Number of protein chains: 2
Amino acid sequence: MSRIRARNEEKIIRAASRVFAEHGYAATKTADIAELAQLPKPNIYYYFGSKENLYRAVLESVTEPLLAASEPFEQHADPVIALTAYIRTKLMISRDYPYASKVFASEIMHGAPRLPEDIIARLSEQTRTLSDKLSQWMGQGLMEQLEPRHLLFAIWASTQTYADFNWQITMALGKEELDDTDYDQAAEVITRLVIEGCRVRPLSSL
Amino acid sequence: MSRIRARNEEKIIRAASRVFAEHGYAATKTADIAELAQLPKPNIYYYFGSKENLYRAVLESVTEPLLAASEPFEQHADPVIALTAYIRTKLMISRDYPYASKVFASEIMHGAPRLPEDIIARLSEQTRTLSDKLSQWMGQGLMEQLEPRHLLFAIWASTQTYADFNWQITMALGKEELDDTDYDQAAEVITRLVIEGCRVRPLSSL
DNA sequence: GTCTATATACAGATAGAC
DNA sequence: GTCTATCTGTATATAGAC
């Protein structure tokens, strides 16, 4: 793998993430990706073979930040701290990786027809890990007994909505784009819903 | 407007809602809509003129159920009852009108490039009405003081996710499709988050 | 008013020069 | 290894028969 190749592949992936996120897979023209990447169109086919291959490469590349969100669950044993940090991290990912979030959202909304099996497996495993942790806390009396997966769905949806449905959010808030204050307010509301709503208590209360 | 015309237009709209929801605007072929509607393809162009016109007609037709969700806010003065009913209604809409929800979600995710101005206006007005009502309850001390629009975003996201990201939900729950029990559990979790999380109190507590 | 057969345009992909 | 010029399939849209 040459220097120039690595550099061009990265430029293409970056440009493709954005165009796929903004227009969706089918509406995306490889010519637009090439233009944004400032490379001739055939380069894309030379490096990736086909539009679909490139799209799969994009899906792989955007998976990391999304999976990394669960770190707070591994780092903190205390449910109040872990859940608070998790919500904040999920919101920061929506802010910093909006293309990753949208490409995934679009893919999943249409039934994940092009999502590689290994990514599905990793997402499933993460879901299991997270819901097991929640069940454990519930069993210890550190939070109310609820179906943990529905709680996860609520957290995922209400944090990712700031990336996926950014248009609606900015419109409703009457802004061009969101600033740090908006994300702080979002974190405050969602954290309150989860912590107070599930009566989550710190480890020290045991 | 002839009988046969009205009937065919409705068949086309219904088929189009489904195909647009499942594949997105760009990936949808008018031939697939025609096949599902059991009509010849040129009929679509005869009745609607273009794929884009048909899509706009679909957007108009799916707007009603989505706007109707706010009825509980008008019917019930009590915040506990109104919010509980609102969450339930939103979930039932996700269950009963999944195509409407997905077509809208896809449109908004890509920046609403084809959403008619009048629909935007009606959605904006509803947002204002709902957040005003929440502010009023907060002012009366019937619930915690929070940015009401962020609370709305959380409710919208966590209820619509059951339609928009149905694939992920069913996969996480290990099911082919959701049943009434799943929606009951979802309602229980989301209602608890909102009512307990915002410390919403009934009118009678005043 | 309705539908079969066809034109047209666009975008994914590649052959071949450099 | 890289890119210009071109091919080709596919899907929107319509002309014209019934």
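A, B, ... follow the sequence lines: proteins, then strands. Residue 1 opens every chain. What you see is a predicted model; the values in this text were computed from it and never measured.
Using a 4.0 Å cut-off between a side-chain N of Lys or Arg and a carboxylate O of Asp or Glu, B/D179 and B/R95 do not qualify as a salt bridge. In summary, B/E188 and B/R192 do not engage in a salt bridge, as defined by a charged side-chain N under 4.0 Å from a carboxylate O. Electrostatic pairing of A/E10 and A/R14 counts as a salt bridge here, judged by a charged N lying under 4.0 Å from a carboxylate O.
As rounded to whole Å, 6 Å separates atom P of D/dG1 from atom CZ of A/R5. Going from atom CD1 of B/I33 over to atom P of D/dA13 covers 11 Å, rounded to whole Å. Rounded to whole Å, the distance from CG on A/L39 to P on D/dT4 is 11 Å. For A/K11 and D/dT2, the NZ to P distance is 12 Å, given to the nearest whole Å. As a whole-Å value, the separation of A/F20 CZ from C/dA11 C1' is 13 Å. Atom CD in A/E9 sits roughly 10 Å away from atom P in D/dG1 (whole-Å rounding). Distance CD1 (A/I44) to P (C/dA11): 14 Å, rounded to an integer number of Å. Here D/dA11 presents its C1' atom at 7 Å from OH of B/Y45, a figure rounded to the nearest Å.
Using a 4.0 Å heavy-atom distance criterion, B/I4 is classed as a sugar-phosphate-only contact. Within the nucleic acid shown, A/Y47 comes within 4.0 Å of sugar-phosphate atoms alone, with no base atom in reach, counting heavy atoms only.
Distance alone, capped at 3.5 Å, is enough to place a donor-acceptor pair between the A/S94 side chain and the A/T159 backbone.
Figure legend: cation-pi geometry between B/R5 and B/Y46, with NZ or CZ positioned under 6.0 Å from the six-membered ring centre and within 45° of its axis.
Residue B/Y46 has a polar side-chain atom (N or O) positioned under 4.0 Å from OP1 or OP2 of C/dG1. For the OP1/OP2 pair of D/dT2 and a distance below 4.0 Å, the side-chain nitrogens and oxygens of A/N43 include no atom meeting the criterion. Using a 4.0 Å cut-off, some side-chain N or O of A/T30 falls inside it from OP1 or OP2 of C/dG12.
Side-chain atoms of B/K29 lie closest to D/dA11 of the nucleotides D/dA13, D/dA11, C/dG12. Set against C/dA13, D/dT2, D/dT12, the side chain of B/K41 has D/dT12 as its closest nucleotide. In this structure, of D/dT4, C/dT4, C/dA13, it is C/dA13 that holds the atom nearest to the side chain of A/K51. The side chain of A/S50 sits closest to C/dA13 out of D/dT4, D/dG1, C/dA13. In this structure, the nucleotide among C/dG12, C/dT2, D/dT14 sitting nearest to the side chain of B/P42 is D/dT14.
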